[in-house]
> 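Okay, here's the structure, questions in a sec.
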Amino acid sequence: MTLHDASAGPIAATARETITQPSLGRVPAAAIIPLSLSLYEIVLNDRPIGYIEAAGPIWVALSGTPYAFAVEVGQHRNLTAAVRILTH
């Protein structure tokens, strides 16, 4: 998972890259592109796959694009776990 500045443009993320988090296991690398203070676009293999939205202490995973048509697929208190919902 990579957090970067949206003004720098999207970065490539491939399924071969993984991040290991002890309590969550291996997670495919994904680019997290901030769209606002509470909304982030998730890009995997150079393709947008969904969004993560902050709702208080909860991260809401939304699958699909564009944002207006994205469907909620899960919620988690941990950002990495919310991204994992979208990438699996």
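Below, each value reflects all heavy atoms present in this structure, side chains not excepted, and no hydrogens, waters or symmetry copies. When a residue number appears, it is its place in the shown sequence, counting from 1.
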> If you round to the nearest 0.5 Å, how far is CG of L39 from CD1 of I33?
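Going from the CD1 atom of I33 to the CG atom of L39 covers 11.0 Å.
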> Ignoring hydrogens, what is the shortest heavy-atom contact between A82 and H76? Give both atom names and the distance.
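Between these two residues, the closest heavy atoms are N-CB, 4.1 Å.
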> With sequence neighbours excluded, give me every side chain to side chain donor-acceptor pair (under 3.5 Å) pair touching residues 54-68.
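Non-adjacent pairs meeting side chain to side chain donor-acceptor pair (under 3.5 Å): E53-Y67.
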> Work out which heavy atom in R77 is nearest to a heavy atom in I58; give both atom names and the distance.
CG-CD1, 3.7 Å
> Going by the rule side-chain contact (heavy atoms from CB on, under 4.5 Å), which residues pair with R47 if we only count those two or more places apart in sequence or in a different chain?
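Residues passing side-chain contact (heavy atoms from CB on, under 4.5 Å) with R47: I49.
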> Are V83 and I52 side-chain neighbours, meaning at least one heavy-atom pair lies under 4.5 Å?
yes
> Name the residue from L62, L35, I32 that meets the side-chain contact (heavy atoms from CB on, under 4.5 Å) definition with E41.
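When L62, L35, I32 are each tested with E41, the side-chain contact (heavy atoms from CB on, under 4.5 Å) holds only for L35.
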> For a quick test of reading the model, state the closest non-hydrogen atom pair linking A70 to Y51 and the distance between them.
CB-CD1, 4.1 Å
> What are the two closest heavy atoms between A61 and I85, and how far apart are they?
CB-CG2, 4.0 Å
